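Structure first, then comments.
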Protein chains: 2
Amino acid sequence: MTGTTDRAAGPRAYEAVLASIEAELRSGELNIGDRLPGERTLSEKHGISRASVRDAIRILDVMGLVRTATGSGPNSGTILISDPAAGLSSTLRLHVASRHLPVADIVQARILLETWAAAAATERPLDEPSLARAAELLARMDDPALDREAFHDLDSQFHVLLSTLAGNAVVSAMMESLRLSIMDYVRHSVTTDEQWQPVGQALRTQHHGILDAVTARDGELAARLLRDHIEWFFTQTSH
Amino acid sequence: MTGTTDRAAGPRAYEAVLASIEAELRSGELNIGDRLPGERTLSEKHGISRASVRDAIRILDVMGLVRTATGSGPNSGTILISDPAAGLSSTLRLHVASRHLPVADIVQARILLETWAAAAATERPLDEPSLARAAELLARMDDPALDREAFHDLDSQFHVLLSTLAGNAVVSAMMESLRLSIMDYVRHSVTTDEQWQPVGQALRTQHHGILDAVTARDGELAARLLRDHIEWFFTQTSH
DNA sequence: ACACCAGTGTGGTCTGACCATACTAGGCGG
DNA sequence: CCGCCTAGTATGGTCAGACCACACTGGTGT
């Protein structure tokens, strides 16, 4: 098992385009924000059909490397972006669906990444604006009239924002993708408002505690609270 | 920024297939090893063209969820597999190429995941067969006649195997994908055999120390050695 | 000067065809 | 009866060409 040399998959036509774009990215010929040549141009340039070019672009799309738009003008066409979390999360979500990535493992990985991020954040210069934004998110979550959808949305933003404070783009992307990948799971785990009210209250309290710890630059406390926070919610929803 | 509801992308045709397959995966109708219906069948079933069906399958392919093979018989067609690391790593690699995921961040994330895995591994029942396999990998790496390509390959297997001992599939997949995503970088960082020889010797020694620590169930020591190991190699190659 | 509208280029989709492959079943010769 | 060999068949991979919806562009008419 774990053979390194995989199948001898025949050379795919679209790989030429992918390799070309990857090379141009590495060399700096292409940068975020640039527009890719049109599909018809690329097909001619690589000597393959437009359908195969579209395969490559579709792949870059799900990876979160480009966005496409129809029409004409500067905002149309295929444009390079950078949204690693989108690509990672869709991949993770489907693998979770296939039952080969247990939700428990995802939660454990989240704890690992988030607690590290919280601790690491306290060892860097204070990022006042981000902390202010985090506080504002919590304030909006305190509104008892907020429906669960909106709460989950703000909740997600709060956690992602916290993990961003550590300044590691890879960890942030993974964090966000882990969260997105189990968002459906979380959404459907609490089904009635009767179940929800007390849970929401507890989450609010925990969030404030975490943010306070981070603001006070107590990395150890922040990490512990975060761990308890995630573990607690998971046990609430997993039975 | 970080708006949750992203682009107002029009409904894509292939999404119907993706959603359908994801639902069947969740419900258990589909399982790893199963064959998907033929592309022509799916196109008729969803009322879309075969081209759009192929889009969906191509996406599943790059995600590491299916493999495709031409021909007829039980080994042909589109078959469900589970190779999360493949999909994650290709996404990561391209984002690294786009210069929006610094290599340093990847290395830092690897340290985080691997040290955790090593420590966690010592808190679980001993996995003798895996340890034996790890030892065998090291033995093969001790061969001074081994070329660098083969060494990197075994090296990679060793690290992935170690991270597997923690028993967390998500962490393992991320680990492997991080490693794959910077494999080119590592390969090209040491270019001459003169540079390589002493580096290889040091890596061998470090590997043995790490495995010894894990075997002795000293999680703290293993984590520390692993951190030093990765950081040391990175500093060797980054100047 | 302004409003309008045809033109143009973009990705999105569809249709239908052909190819290479790999297994399957049947025929043919032993 | 056995065994080899060939035609058949179903698969994904690729291509070509067409049409659509969309959004900006630039000229045209008032």
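Letters A, B, ... are given to chains in the order of the sequence lines, protein chains preceding strands, and every chain is numbered from 1. This structure is a prediction, so every number in the text was calculated from the model and none was measured. Quick note: numbers below take in every heavy atom, side chains included, and nothing from hydrogens, waters or symmetry partners.
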Revision key, fill the gap. A:Glu149 meets the salt bridge (charged side-chain N to carboxylate O under 4.0 Å, His left out) criterion, sequence neighbours left out, with A:Arg187
**Study point:** Validation row: A:Leu161, A:Arg133 side chains within 4.5 angstrom (heavy atoms)
**Key:** yes
Check your understanding: C:dT10, C:dG12, C:dC18: which one has an atom nearest the side-chain heavy atoms of A:Arg58?
Key -> C:dG12
Practice item. Could you tell me whether the side chains of B:His207 and B:Asp155 share a donor-acceptor contact shorter than 3.5 Å? Key: yes
Practice item. Identify, with sequence neighbours excluded, every residue that meets side chain to side chain contact (heavy atoms under 4.5 Å, CB included) alongside A:Ala169. Key: B:Leu101, B:Pro102, B:Asp105
**Study point:** Residues in contact with DNA chain D, drawn from residues 41-54 of chain A - heavy-atom cutoff 4.0 Å
**Key:** A:Ile48, A:Ser49, A:Arg50, A:Ser52
Review point. Would you say the side chain of B:Arg58 lies within less than 4.5 Å of the side chain of B:Tyr14, judging by non-hydrogen atoms?
Key: no
Point to revise | Distance-only donor-acceptor check, side chains A:Ser20 and A:Glu24, under 3.5 Å | key: yes
Study note, to complete from the structure: A:Glu44 meets the salt bridge (charged side-chain N to carboxylate O under 4.0 Å, His left out) criterion, sequence neighbours left out, with none
Check your understanding: Can you find a side chain N or O atom of B:Thr78 that sits less than 4.0 Å from OP1 or OP2 on D:dG12?
Key -> yes
Report, one pair per line, the protein and nucleotides 2-7 of chain C atoms (nitrogen or oxygen only) whose separation is under 3.5 Å.
none

**Study point:** salt bridge (charged side-chain N to carboxylate O under 4.0 Å, His left out) partners of A:Arg148, counting only residues at least two apart
**Key:** A:Asp193
